[in-house]
Amino acid sequence: MASMKDETEKVVAENLHSFMGFVEKNTLRFITHLVQKSSSVNSLKNEVRKSCGGIGDVDSFCDSLWNSLKLSKRRLRTQYEEDDEDNEYYAAIASTSKKTKVEKKEKNDTSESEDDERTKDLKERDEFAARLREKDKQKTRNIVENSDKKSFEEAAKRLKLQDEDRKKILPQLRIESRRKYLEKRKDDQLALLEGDILDEENLFNDTPLSKAEQAELEYKKTVLKYAKDHDKARDLEKIQRYHIPKEDGKPFEEYVEVDDTEKAPNAEQRKWEEGRVELAKLSVGSKDKHEKMGKNYDLVLEAEVEFVQALSLEGQNYKKEKEIDPFAAKKLSIEETRKSLPIYPFKQQLIDAVHDYQVLIIEGETGSGKTTQIPQYLHDAGFTKGGKKVGCTQPRRVAAMSVAARVATEMSVKLGNEVGYSIRFEDCTSERTIIKYMTDGMLLREFLSEPDLDSYSVLIIDEAHERTLHTDILFGLVKDIARFRPDLKLLISSATLDAEKFSTFFDDAPVFRIPGRRFPVDIYYTAAPEADYISACVVTILQIHVTQPLGDILVFLPGQEEIEQCVEILQERQRKLVSKMRELVIRPIYANLPTDMQAQVFEPTPPGARKVVIATNIAETSLTIDGIIYVIDPGYCKQNSFNPRTGMESLVVVPISKASANQRSGRAGRVAAGKCFRLFTAWAYQHELDDATIPEIQRVHMGNAVLMLKSLGINDILHFDFLDPPPHDTLVLALEQLYALGALNHLGELTRLGRRMAEFPVDPMMSKMLIASEQYGCSEEVLTISAMLSVNASVFYRPKDKAIHADTARRNFFTPGGDHLMLLKVYNQWAECGFSRQWCIENFIQYRSMCRARDVRDQLQGLMDRVEIELKSDPTEIVGIRKAITSGYFYHVARLSKTGGQHKTIKSQQTVLIHPNSSLFEEKPRWLLYHELVLTTKEYMRQIIEIDPSWLIEVAPHYYKDKEIEDTSSKKMPKQVGKASGELTRTYPKL
DNA sequence: GAGCACTGC
């Protein structure tokens, strides 16, 4: 058996020969010496260049030499391991770390050295973890030192100011909004008039008009003429009259260049969130919404949906609530408000129950006050003595912030001192904090630095019924630590449906019921199924509008496209019927809508009019719109699901669950008794809808979650105590990927690389790419690319009416190499323009997304420093950047098939298409790497770069056999090495 | 030649 040294010399000789055409003995020795001295391909290049500069293409020589060495090293190793390789492979996947490695028949230096390396790697991993802990301690100290001085004071001041301001702005806000509304209405009416005239002239010019009709037409023309003259006069004479901004004059005029405060980190996001919080607090509604309709309209609806009332959702506690008027509620003192909450009478009972039981399930409707009150009760009962904290998790950032602010006010302390919150990009707590609100993902991250959560005496997992990925993982972890920390109390708070399930999971924990506060909602079903839910929605809206008393309508549609369509139809119908019915204010809302248009949803409805809000699921939980009396629910939503076999995500329209349908109808009963119109039959509700939505954990890729669990020391992932276990295939795929990326070794143990990867809150492939970027000297660039990829394809804004402009603007960013480099270019240009908002608008780029990308980038940059990766930048290194990407995403490669001009993935041979938005759509490169695979109308690859197949062998020789890339002529791979490595099967990558 | 439902770290 050849020794390592002989083997090395042999490989060097081969490469030298193919490089120079001959082998000189001294050179051979010298290069072999350099190889043994070098720790990476880059250092080898440096050495070679230093010693024998000018001998030709040093880079490609070294690259190919290094590859051959890696391959031959592996070949040596596999010779001993082939027998039990498969067993080991699966052992690693199942991560039964107890299983001992099968004894080698022949113990020898290579396998021993591998064992040594493993021990060394594990040792280094643990040392690394220790260093991280030390850093964390240091960080806490720093926070403690700086905390009081700056941010908390400011935050508290800010909130106090807002509180005072709110009282002042309210009347102004109303006037302002009324004024805006009138301005817009004038424009609308004019357009309408113009349209009418045109219609009548063009459409009916062959039918003679009656006298009355002719007179009306003439009248309309006169009115229009006056209106136009008026505008013209104002323009000409420059008389400052009532000014109305023009629709198509200077569209960008109103946008202002960012000032310095805006450039500060988080500014845009913070403002947006503050806006949301503010809106959530304000309860502005139309005062006279209960006014009955004065007259009967002689409108005959073209079509009608027939509804039958089936049941009504009972209201709770609503009779004794007199303060329907939100302004009356404001007058109550904080103390009175607290006492009026449904939870108040149960205070003592609850405290007793927490004393008696370790785990308690709280079942309570929204509006019972559980989120704000329970932590305070526990504080009163002494659970925060001895510096211990009460922690409360929320699924959403805005909720964590606003609830913390509310509780701070109730306890009259500064936000960030005794009461604080912690969310990504923002930690508003101090060493004094005893009640801490946080997002569930944040608590999960805390597990990494404090696995026993020793600083908490009580943990409340709120909104558990929402079953987010993070809460589901928390359940298992929290159940686990509760076993060896009997002093830790757990409260799981959930809506009615799931309480029993949680109770069973937590070893039959008692359920504590708290009544909510809600108005009754009548529920109507259609008599027969509706074929086209969009037109059924439109008809129902109009039906409600003409037959029902005033009150706003909320419509749930699955996505942006449906919403736009519905709005369009509705506007058209309204135009036709405008003289025959009351005014209808149409307001769409979905997450990708620009912020200012989102805010319009919250504007109070003008007196006598009716607002109809057409929303996605965003209105189901994330935001609450006041004044909604009617809900229209077609019963569909878009849902993401991940197929582990194909690695493909799909976003498809599916029927909602019963739980979700009830949640939606509940939206009608928040301010007064309401009605919910379901556009499906009662039978369908009973028999066709699932009880609950499939929890997220069973629908998503688990890569990051598994890595996190691994780094918490949970080795047996497949048997982890999940409330609902994710599909077996999903877990196996995640483990397989982590193994291939080098985050786990062949025994399923976390490696040093894996420990580093776990620090990043991104997909493992991306964290690998980030870490690998160091050796290609382009970590700055890869950092930017990662951040841009994280903002979820919402960078480019493409309004329907300016689609062509938007496309041209996008085309300007096209870069050779592919989409990742295009994203880099976008970010860099934006940064060069001083992160300007104006620049974004001109280039049809979403400012909000870019700001998010900047925040993500800052965070990742901090983490790079934390895991001891040097930041280097080389913008010219286009190949290096793509190689770095490849070393993370070598799983995601497709190549053009020989027949038919379509791409197929390398491993599973699926046909996949380049997304038409890609910059490489027309080029169709032979080899390409994709960021993600999504099934929409077809199987598309999104975010693509072109790669050279030889890179695959370079970055992932353990994963790719040479056979798989053989049909391309690879310049960099000498043939003999190719043959040798063709024998390779999977082995553990050395990193 | 298509279309990103919503969160979160």
Side-chain angles (χ1 to χ4, degrees), chain A residues 269 393-400 422-427 438-448 463 466-474 556-565 589-593 615-623 636-641 649-654 656 660 663 693 695-697 699-700 703-705 707-708 758-764 766-767 786-787 790-800 803 806-807 810 846 849 852 855-856 859-860 862-863 913-918 921-922 932 934-943:
Chain A
Q269 174 129 6
T393 71
Q394 293 290 322
R396 276 170 293 278
R397 299 162 52 92
V398 175
S422 171
I423 55 181
R424 189 184 186 183
F425 308 129
E426 203 177 344
D427 184 13
M438 62 198 125
T439 44
D440 42 17
M442 212 58 198
L443 183 62
L444 218 49
R445 286 273 142 193
E446 273 186 29
F447 264 99
L448 280 179
E463 314 283 357
E466 284 193 28
R467 305 289 308 274
T468 65
L469 175 63
H470 291 147
T471 25
D472 266 25
I473 297 169
L474 276 178
F556 285 100
L557 285 175
Q560 176 177 349
E561 205 184 330
E562 290 88 346
I563 291 176
E564 279 170 358
Q565 204 179 332
I589 185 164
Y590 44 86
N592 263 349
L593 197 71
T616 56
N617 254 359
I618 195 172
E620 193 177 299
T621 47
S622 305
L623 51 88
Y636 291 98
C637 68
K638 268 191 186 167
Q639 208 174 53
N640 189 5
S641 62
E649 282 180 51
S650 52
L651 192 67
V652 283
V653 177
V654 295
I656 57 170
S660 177
Q663 172 75 22
T693 314
E696 196 184 354
I697 199 166
R699 291 187 283 117
V700 294
N704 191 277
L707 182 58
M708 169 172 273
E759 283 299 311
F760 291 94
V762 296
D763 189 273
M766 191 180 280
S767 36
S786 302
S790 300
V791 298
N792 201 15
S794 53
V795 172
F796 295 98
Y797 176 59
R798 194 170 183 272
K800 238 181 178 176
D807 287 344
R810 198 164 48 86
Q846 298 233 28
S849 303
R852 226 189 108 73
D855 286 343
V856 174
Q859 190 196 26
L860 292 179
L863 288 169
L913 304 174
I914 302 180
H915 197 280
N917 273 359
S918 165
F921 180 68
E922 273 145 33
E932 60 183 353
V934 276
L935 174 74
T936 46
T937 49
K938 287 175 191 140
E939 286 104 344
Y940 283 113
M941 299 177 278
R942 279 208 295 237
Q943 317 291 9

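Chain naming here is simple, since letters A, B, ... match the order of the sequence lines and numbering starts at 1 in each. For the numbers below, each heavy atom of this structure counts, side chains included, while hydrogens, waters and symmetry mates do not. Quick caveat, the model's predicted, so the values are computed rather than measured.
Atom CG of A/L935 is separated from atom P of B/dA5 by 15 Å (rounded to the nearest Å). Here B/dC4 presents its C1' atom at 11 Å from OH of A/Y590, a figure rounded to the nearest Å. In this structure, the CD atom of A/E463 is 19 Å from the P atom of B/dC6, given to the nearest Å. Going from atom CZ of A/R396 over to atom C1' of B/dA5 covers 13 Å, rounded to whole Å. In this structure, CD of A/E446 is placed 15 Å from C1' of B/dG8, rounded to the nearest angstrom. We find that CE of A/M438 is positioned 18 Å from C1' of B/dT7, with the value rounded to whole Å. Between A/Q859 atom CD and B/dG8 atom P there is a gap of 14 Å when expressed in whole angstrom units. Distance, A/L651 CG to B/dG3 C1': 10 Å, rounded to whole Å.
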Mind listing the side-chain donor-acceptor pairs of residues 440-448 of chain A below 3.5 Å, one per line with the distance, residues two or more places apart or on another chain?
from	atom 1	to	atom 2	distance (Å)
A/D440	OD2	A/T468	OG1	2.9
A/R445	NH1	A/A758	O	3.1
A/R445	NH1	A/E759	O	3.4
A/E446	OE1	A/Y456	OH	2.7
A/E446	OE2	A/K436	NZ	2.7
A/E446	OE2	A/Y456	OH	3.4

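Nearest to the side chain of A/Q560, among B/dG3, B/dA5, B/dC9, sits B/dA5. In the set B/dG1, B/dA5, B/dC9, B/dG1 carries the atom at the smallest distance from any side-chain atom of A/F921. Among the nucleotides B/dC9, B/dG3, B/dA5, the one closest to any side-chain atom of A/T439 is B/dC9. Side-chain proximity of A/D807 to the nucleotides B/dT7, B/dA2, B/dC9 is greatest for B/dA2. Checking B/dC6, B/dG1, B/dC9 against the side-chain heavy atoms of A/M442 singles out B/dC9 as nearest.
Between A/N617 and A/F556, the shortest heavy-atom contact is OD1-CD2, 4.5 Å.
Contact between the side-chain N/O atoms of A/R942 and the OP1/OP2 oxygens of B/dG3 is not found at any separation under 4.0 Å. Under 4.0 angstrom from either OP1 or OP2 of B/dA2 there lies at least one side-chain N or O belonging to A/K938.
Note on A/R424: a base of the nucleic acid sits closer than 4.0 angstrom, heavy atoms only. As judged by a 4.0 angstrom heavy-atom cut-off over every strand, A/Y940 is placed among residues touching the sugar-phosphate backbone only. Among the protein residues, A/N617 comes within range of no part of the nucleic acid, since none of its heavy atoms lies under 4.0 Å from any strand.
Between A/C637 and A/E620 there is no side-chain heavy-atom pair separated by less than 4.5 Å. Annotation: side chain of A/E562 is not in contact with side chain of A/Y590 (no heavy-atom distance under 4.5 Å).
Residue whose closest nucleotide on DNA chain B sits further toward the 5' end, between A/Q639 and A/P761: A/Q639.
In summary, A/R396 and A/E466 engage in a salt bridge, as defined by a charged side-chain N under 4.0 Å from a carboxylate O.
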